[in-house]
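Down below is the structure, laid out as structure tokens.
Throughout, a chain's letter reflects where its sequence line sits, starting with A, and its residues are numbered from 1.
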Amino acid sequence: MDSVVADLEQFRSLSEQSQLNTDQCKPLLTKLKIGLTKLDVPSPRELQNNKGEGVHKATFLAREILELGTLYSLRVGDEVAFERFVTQLKTFYFDYSGLLPASQKQDPILGVYLLYLLAENKIAEFHTQLELIPDHTNRYIRYSIELEQAKMEGSYNHILEAGNSFPVDYYAQFTQKLINTSRHDIADSLQSAYETLKLDDARSLLMLKDNSELEKFVAERKWTVKDNSLQFSSESDKETTHVDALRLIAQNLAYATELEQII
Amino acid sequence: MSGDGDVVMADSQAVAETKTPEEIEALLYSDLRTYITQVERTSLTKETRHLNRALRYTFSKLRRRLTSDLLLKAVQEFYPSVDGRNVILEKLGKKDEMAVEETQGKEITPEVEVFLHLLVLVHLLDSKKNAEAVQHAEWILEHLMSAWNRRTLDPLSAKVYFYFSRAHELNGDFSEIRPKLLQYQRTATLRHNFDGQVVLLNLLLRNYLHYKLYDQAEKLAEKTEFLEHKAPSNEAARYYFYLGRINAVQLRYSDAFNNLQKALRKGPRDSANGWRSIVTKFSIIVQLLLGEIPERSLFRAEGIKHSLLPYFQLTQTVRSGSVNEFHEVVAKYSDLFKKDNTYLLVLRLRHTVIKTGLKKISAAYSRVSFTDISKKLNLESEVDAEYVVAKSIRDASIDATIDHTSGYIKSNDNVDVYATDEPEKAFHARIGFCLQVHNDAVKAMRYPPESWKQTKEEDDTKDLNEEDLADLLDDEDTD
């Protein structure tokens, strides 16, 4: 266990430097992960009964390793690893709550995890996780909750403003991602809500910085541009005259079979 | 036998007021004896219907009036001196007064033994002795349930599991019995103990929901099979309620609504106010989240009127579309919502309030400017209002177009509903429901009971005689 402690300290000092030296950090992290599996962390029940120093320290160490791993993968931008670490961390936060001293990083990490789910548009998981978190007034968590409400309502300018002020710096990448996702949502709404829209207005509504980005966006979405304004074709006319023949046929056949069974 | 039991019950209830306490107790005791004898018949005839009947009557009529004296008498009469008897006597806190020789020769069948222990467990729970109830429940499960593998014990096992879980829940260590419950469920499934299986599934779901582990609850519900045709309607009601709650948290509101309505239908209609109240509360919130306003008559249902009052006020704010009022009501009743586990769902209603407000405005005006909208809905700015309106149009909650340069929204003319395929869809839903009811009724039909068959046979023989007569007449004619 002592070698793990030494490695942990080294990793901590390396990862907290402003200039990350990934060549050194990566192998160290792998070493720590292997050390984690050898640590023999007890289950919550055992931890409650066994007051010995050794088991408590092992659990504490395991949690520390996972937390540092999470923050490191955030800095490097490795989302898959981040999700893996957080899933493992969750058991430490929820099942072992009360048995270990509370960690400072718990709320920021949970907050950024919620933000990650929101940016990936996994709203169902967002809410499920939110139910598990007991304290909602904490500012890290509240940040993510407010963003979720804003996204649900559709007040996207809130999201843009929020992008300028976040509690911790590693929230930045997900806030950026969220803004991108919202941009697609806004584009969908624009398509259905407006008939024509001037390019300048479109740019401000989509919260894009300049015309080149707007052009890229328009090309992606395949909108038609006519003398400096976007034309959204109304698809609704086509729909009302189109009869869903297959569905009607299937329905009527079902009725016929059922009725025949009765008679 | 059952006829006698019924007559005795009617008597005792009719003259309860004029009898002295001893006589009431004697009557109660004779009822208890009747049911215990019924249970004994089960072990003789291997038919569970006696057991089911005995359980039903005991739990509905006798349960609240059980006293430790009654139980003591029953034990002394039926239970020979074995370990189990001493355990009961300890729990009841009484000494063995009667002479031991009287009951020596008797043997006690497993069904009666478990039945008596179950009654003692229920009595302990009702008198709020939770710690002892936990101990007793564990004793029953360890010694009795593992000793026998009889199908006639199934209904009893279901009850034992239920009260075991309840005792732990009241005692506060609910999460610890999860591995045991899973183990019992495996055993019950292997042995085709349908009653036990159904009850254990519900207990596990309840356990997960109590600790808000919606993920795990969903996985359990997905992977296991709920035997709807074998489950009593109370258990089915519980199952649909738990399913509805899981769906609501995961934003699957239409599924949640269906399940909650099913739960209400399967549950008791007039009694069980606590049950109806909580299911109705969830059903109201899910309806609001779907965008529909529940009917006013829902809130006036007998027996649950008072508990639904906060939800009624909530519905009113959603209907009016005013976010300020919404926040006021939520702040006022936040403790109640947290106790009902509906708090987070209620918070999600905020954007429903705005949506409803928008719908009303769009229906009232043919053209509205964004400044007016933001003032009416108390939004922060016009830009906000524009975004919100655009999103609502995309979600198809309002039918309108936005004119950005002039800064207003213009509602589209109302399309004649009959020209679309809305009526067809509504008809299809109703036809589907009727056909479903018909199929369920056909599946639920049973073969006619014995007595009916006998009369049918008599009819047949009568027909035969008539046939003979007709033959004779024919013969005579041809002669």
Side-chain angles (χ1 to χ4, degrees), chain A residues 44-45 94-95 123-134 136 145 148-161 182 185-198 201-202 204-205 229 232 234 236 239-240 243-244 247-248 251-252 254-255 257-259 261-262, chain B residues 175-176 211-215 218 246 248-252 341 343-345 347-348 350-355 379-381 383-396 398-405 409-410 412 415 419-421 424-425 427-428 431-432 434-436 438-439 442:
Chain A
R45 204 74 238 278
F94 298 129
D95 296 332
I123 311 284
E125 281 203 38
F126 178 93
H127 280 284
T128 329
Q129 294 304 320
L130 194 59
E131 293 265 348
L132 288 172
I133 297 175
H136 286 190
I145 296 182
E148 195 264 337
Q149 273 190 344
K151 186 162 187 285
M152 270 283 141
E153 288 167 24
S155 42
Y156 298 107
N157 52 340
H158 265 194
I159 299 185
L160 186 59
E161 279 165 38
S182 324
D185 281 339
I186 301 175
D188 284 333
S189 337
L190 291 181
Q191 245 176 294
S192 44
Y194 294 85
E195 288 171 351
T196 63
L197 190 62
K198 285 221 206 64
D201 296 330
S204 62
L205 279 178
S229 66
F232 301 112
S234 49
S236 50
E239 279 176 24
T240 48
V243 169
D244 199 355
R247 187 175 57 94
L248 284 175
Q251 269 181 14
N252 284 323
Y255 294 157
T257 40
E258 293 278 344
L259 283 174
Q261 279 177 353
I262 296 175
Chain B
S175 62
E176 311 199 339
Y211 289 100
K212 307 235 176 64
L213 299 168
Y214 292 102
D215 237 350
E218 193 209 348
I246 299 174
V249 167
Q250 294 181 328
L251 298 170
R252 293 205 295 260
N341 288 322
Y343 187 60
L344 286 168
L345 291 173
L347 287 180
R348 289 189 216 171
R350 184 162 178 271
H351 84 275
T352 321
V353 176
I354 297 182
K355 225 172 28 168
L379 292 172
E380 303 216 337
S381 67
V383 189
D384 234 3
E386 190 165 351
Y387 278 123
V388 175
V389 168
K391 183 157 196 286
S392 305
I393 297 179
R394 191 196 58 173
D395 291 338
I398 49 181
D399 199 9
T401 49
I402 305 185
D403 189 341
H404 184 85
T405 42
I409 103 169
K410 176 161 142 4
N412 287 345
V415 182
T420 65
D421 54 0
E424 192 257 316
K425 287 200 192 111
F427 268 129
H428 178 65
I431 295 175
C434 291
L435 286 174
Q436 182 73 27
H438 173 83
N439 284 338
V442 168

Task: Gap separating the CG atom of Asp215(B) from the CD atom of Glu131(A), nearest 0.5 angstrom - done: 11.5 Å

Open item on the list: Counting only non-hydrogen atoms closer than 4.5 Å, does Ile186(A) touch chain B with its backbone (N, CA, C, O), its side chain (CB onward), both, or neither?
Closed with: side chain

Open item on the list: With rounding to the nearest 0.5 angstrom, report the CZ to CD distance, Arg247(A) to Glu424(B).
Closed with: 5.0 Å

Open item on the list: Please classify the contact of Glu125(A) with chain B as side chain, backbone, both or neither, using a heavy-atom distance under 4.5 Å.
Closed with: neither

Task: chain A contacts, top residue of Asn439(B), Asn341(B), Val442(B), Val389(B) (heavy-atom pairs, under 4.5 Å) - done: Asn439(B)

Open item on the list: Using every non-hydrogen atom in the two residues, find where Lys151(A) and Lys391(B) come nearest and quote the distance to one decimal.
Closed with: O-CE, 3.6 Å

TODO: Please name the pair of heavy atoms, one in Tyr211(B) and one in Leu132(A), separated by the smallest distance, quoted to 0.1 Å.
DONE: O-CD2, 4.1 Å

TODO: State the CD1-CD distance between Ile431(B) and Glu258(A), to the nearest 0.5 angstrom.
DONE: 11.0 Å

Open item on the list: Let me confirm one number: the NZ-CD1 distance from Lys212(B) to Ile133(A), rounded to the nearest 0.5 Å.
Closed with: 12.0 Å

Task: Greater than 12 external heavy atoms within 6.0 Å of Tyr255(A)'s OH - done: yes

Open item on the list: Return the OG1 to CG distance between Thr128(A) and Leu344(B), rounded to the nearest 0.5 Å.
Closed with: 11.0 Å

- [ ] Output the option from His438(B), Lys355(B), Arg252(B), Gln250(B) having the highest count of non-hydrogen pairs under 4.5 Å with chain A.
- [x] His438(B)

